[in-house]
Amino acid sequence: MVARAISHLVCSCCITHPTYQSNRSKQLNNKRTAVKLHSSNVSKLLISHVDSGELAEALAVFQTIKNATNFHWNAMIRGHTNCELHEEAIRFYVQMQNAGKVEDKFTFPIVIKSCTRLSFRTQGCTIHAKLIKLGLGSDVFICNSLIAMYSKLGPIESAERVFLDMPARDIVSWNTMIDGYLSNGEGLKSLSSFRQMQKDFGLKPDQCGVMSALRACNKELSPKKGKEIHCYVIKQGFELDNQVITTLLDMYCKCGEMRHAERLFHNMQERNVVTFNVMINGYALSNQPAMAVVSLMEMQESGVEPDAITLLNLIPSLTQLRCSSHGRSVHGFAIRKACLPDLILETALMVMYAKIGELNSAILLFDRMPERTLVSWNAMIYAYVQNGKALEALDLFVILLKEGTSLKPDAFTITNIVPAYSELASLRHAGQIHGYVFKLEYGTNTLVHNSMMHMYSRCGDLNASRKVFDKMLERDVVSWNTIILAYALHGIGSTALDLFKVMKEMGYEPNNDTFQSVLSACSVSGFIEEGWMYFDIMQREYNFSPQIEDYGCMVDLLGRAGDLERAVEFIERMQVAPTAKIWGSLLTASRNNRNIEMAEFAAERILNFGHDNTGCYVILCAMYSDAGRWEDAERIRCLLKEYDLHRTRGRSLVELNKNTCSFVEGEKSHHQIYTILVASDILSMEAGESAVNLLNKFNLQGVLKEKVKQPSRHTVRLAVSFGLISSANGTPVLVKKNIRICNDCHKAVKKISSFTGREIIVGDSTIYHHFNNGKCSCGDYW
DNA sequence: CTAGGGTTAG
């Protein structure tokens, strides 16, 4: 039965393997010598070849043996297993059975090992059944290899069962089980087994056990337990074992205890590539990218050659230093050192290029990769997303799905592609990807849910977002951050803050992003006192240094309070250099407070950055016009013309049941445009605007030709009107706009929501406005 | 004769 199960492996390619070819010339000689030897000497010769990995020679000797015993067969299998030639090993195993031999207690461990390496779970189970029939079910060696097999191929419960049913366990049994729990993500079980073997069974863990336990500490981020194990290491005199020390070093690095790691590192006798690699990785993890580079230099000074993993571990630090030339030099170094092509390194380089905004380099790498895994695809998809290329990301996603890559998207693919859907902000497409994800059964994946939540809120459906959140079985900090931010994005700060309180009550530990969400919530809803309180708490209680986004929220809040002078003071005292966005917040605040001088001051700062400053000019121009300073307004208009800058064309989308309609400023391509214009004018008039534009049936053409500046013709108005007349009463109307909604439209839509009794949701470039019964969720400040 | 072992991309 076993033979049949694995017979598909049996083919003739064993002879073509390089190990055989390289040694083929020696074969004949060996054959001749072997024939002359006595059988016990033949066995010795066979073993000596097997032990030194000379498989061709071993085979030659084996072939001279007339009545090969189990001993000889086992030796041949073992030789191949040890050389990682597992298919060959299995082939010899099959041949052994065909030769009428019955496996013994020495055969099984090696065969099981090869099955494990080949991920032959079914075959492994068959073998398990067979060895029980043969009465070998209690053999310690066999059980240990079974534990290893079930730990790697699953289910872990089977490994546990074998372990518990053993009449006697040795230290390897424990080590294997401890490591098995660990590789199944069960760090705590791993550590408790480690303790149990000592306390309840009086066993003294060896170096292997210690190393597994230390890695369990990494998983649980428990430097405390790691230190206890460190003490044990010293007591047992394992300090001289380089591998143990390296694992300890890694534990301190991963648990964020760089000081301890550094001390250990400096006291080490012998530092090799791996030691340096661990340190370089540690500096990256603890946000000390410069130290990672220092470590690399130390490494080179002490004559240790970097390898592919060194470069791999270095990449995050170089990315963080945002130094593209260093990044490139790593790439060049990899090529010179012949580290490429290397699947993992190439993917890491791709990610690096994507993060520093060199999308083209990432694309080039991806296109030229000789081999790609799902990870590479996922990384490339995210590379597009990160660089604002949502459509390209979607294209690649579709290629992954359709073209015979035979790869199935996983949870990472989904979390990477979903932001592209958020970017598209199309509810209809959001629903489609949601349905697809549902089919893939990632229904319990927290990451996937988090991205869905974010997508729905970005697409304008706060309820759907909340529904995802409520249904989640396992939430993490990101889930909370996302739902809090969702309410902030929809201008409902009070609910956002309530959720923050619940989050803390439930014992979740807020992080930097949490406070960003919380401060945004305070900012959108104008909770000035709360804003300052949380700004203070995050620094004092949580020791977070404010990020630029946090400062932005505070500037918004100061602006809301009308305290522009204090806002300027605040900006100048920030711990980070102000960005154009920060001055942008001041500009917005100046506009809302009708403070032209301050607006000019902010605009000047923004212009210094030399980006696309169109928006800045547009705001200034509008402010001058509002204040009746026509010459100044005209001056700005001339500047715009001179620099060939064009005001972003207004564009509004309305999401209907089955499709999306787009209205672009100055375009009248919609086939029902006349009806829509009439509807819009009627609604606007009803909302109390003067009827200058009310259409006269007979004068349609004239009206259409006219360059419409009137607010009643703003694209939002058209989108809202069309939404209202083409959807059922009682359903909300969802409109999205690429630029900020103007004051007139905001006022009008409030009234429209009142007399039509409909909820109207308008997402602009900043937030979603929920218009209901004549009020807007933004509290008229945005 | 047989079992477990340091750093590693999204």
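Numbers restart at 1 for each chain; the letters A, B, ... are given by sequence-line order, proteins then strands.
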### Query
Reckon Val172(A) touches a base, only the sugar-phosphate, or nothing at all at heavy-atom distances under 4.0 Å?
base

### Side chain of Asn82(A) - closest among dG10(B), dA3(B), dG6(B)
dA3(B)

### Task
Tell me what Asp104(A) touches on the nucleic acid: a base, only sugar-phosphate, or nothing, going by heavy atoms under 4.0 Å.
nothing

### Message
For dG6(B), does the base pair up with any side-chain atom of Asp241(A) as donor and acceptor (N or O, under 3.5 Å, distance only)?
### Response
no

#### Entry: Nearest-nucleotide pick for Phe141(A), side chain only, options being dA3(B), dA9(B), dG6(B)
dA3(B)

### Out of dT2(B), dA9(B), dG6(B), whichever nucleotide has its closest atom nearest the side chain of Phe106(A)
dT2(B)

### Message
Regarding Val375(A), tell me which of base, sugar-phosphate or nothing describes its non-hydrogen contacts under 4.0 Å with the strands shown.
### Response
base

### Query
According to a strict under-4.0 Å criterion, is Lys254(A) in side-chain N/O contact with OP1 or OP2 of dT8(B)?
yes

### Task
Mind checking Thr176(A) for me? I need base, sugar-phosphate or nothing, with any heavy atom below 4.0 Å counting as a touch.
sugar-phosphate

### Message
Nearest to the Asp250(A) side chain among dA9(B), dT2(B), dT7(B), which nucleotide is it?
### Response
dT7(B)

### Task
Find the distance Trp73(A):CH2 to dC1(B):C1' and express it as a whole number of Å.
16 Å

### Message
Could you check, using the six-membered ring where one of them is a Trp, whether Trp73(A) and Tyr93(A) have ring centers closer than 6.0 angstrom?
### Response
no

### Message
Just to be sure I understand the rule, does Asn272(A) reach a base, reach only the sugar-phosphate, or reach nothing, if contact means heavy atoms closer than 4.0 Å?
### Response
base

### Message
Please report the distance, rounded to the nearest Å, between CE in Met211(A) and P in dT7(B).
### Response
9 Å

### Query
Is the base of dG6(B) touched by the side chain of Thr246(A) through a donor-acceptor pair closer than 3.5 angstrom?
yes

### Query
Looking across every strand, which nucleic acid part, if any, lies under 4.0 Å from Asn70(A) by heavy atom: base, sugar-phosphate, or nothing?
nothing

### Query
Using 4.0 Å as the upper bound for N to carboxylate O, is an ion pair formed by Glu88(A) and Arg91(A)?
yes

### Task
Would you classify Asp51(A) as touching base, sugar-phosphate or nothing, given that sugar-phosphate means primed atoms plus P, OP1 and OP2, and contacts are heavy atoms under 4.0 Å?
nothing

### Message
Applying salt bridge (Lys or Arg N to Asp or Glu O under 4.0 Å), can you list everything that pairs with Lys189(A), at least two apart in sequence or on another chain?
### Response
Glu186(A)

### Message
Does Tyr382(A) reach a base, just sugar-phosphate, or nothing at all? Heavy atoms under 4.0 Å.
### Response
nothing

### Message
Can you identify which nucleotide, out of dC1(B), dA3(B), dG6(B), has its nearest atom closest to the Asn242(A) side chain?
### Response
dG6(B)

### Message
Taking any heavy-atom pair under 4.0 Å as a contact, classify Ile110(A): base, sugar-phosphate, or nothing.
### Response
sugar-phosphate

### Task
Identify which nucleotide among dA9(B), dA3(B), dG10(B) has an atom closest to any side-chain atom of Asn416(A), counting heavy atoms from C-beta outward.
dG10(B)

### Query
Checking all strands, does Lys355(A) fall into the base, sugar-phosphate, or nothing category for heavy-atom contacts under 4.0 angstrom?
nothing

#### Entry: Electrostatic pair Arg78(A):Asp51(A) at N-O distance under 4.0 angstrom
yes

### Query
Quick one: ring-ring contact (aromatic ring centres under 6.0 Å, His included) partners of Trp174(A), sequence neighbours excluded?
Phe163(A), Phe201(A)

### Query
Taking Asn281(A) for the side chain and Asn277(A) for the main chain, is one N or O donor matched with an acceptor at less than 3.5 Å?
no

### Task
Mark yes or no for whether Asn313(A), through its side chain, and Val278(A), through its backbone, hold a donor-acceptor pair below 3.5 Å.
no

### Summary
Among the nucleotides dT8(B), dT7(B), dG10(B), whichever has the atom closest to the side chain of Asn277(A) is dT7(B)

### Query
Can you check the Trp377(A) CH2 to dA9(B) P distance for me, whole Å?
22 Å

### Task
Write down the distance between CD1 (Ile65(A)) and C1' (dC1(B)), rounded to a whole number of angstrom.
13 Å

### Query
Which of these nucleotides, dG5(B), dA3(B), dG6(B), is closest to any side-chain atom of Thr247(A)?
dG6(B)

### Task
In whole angstrom, give the distance that lies between atom CG of Asn313(A) and atom P of dT8(B).
6 Å

### Query
Taking atom P of dT2(B) as reference, at what distance in whole Å does atom CD1 of Ile147(A) sit?
19 Å

### Task
Select base, sugar-phosphate, or nothing to describe what Asn74(A) touches, counting heavy atoms under 4.0 Å on all strands.
base

### Query
Considering only side-chain heavy atoms of Val351(A), which listed nucleotide, dG10(B), dT2(B), dG5(B), is closest?
dG10(B)

### Query
What integer distance in Å separates Asp139(A):CG from dT2(B):P?
13 Å

### Summary
Closest to the side chain of Val274(A), out of dT8(B), dG5(B), dG6(B), is dG6(B)

### Query
Once you round it to whole Å, what is the distance between P of dG6(B) and CE of Met268(A)?
15 Å

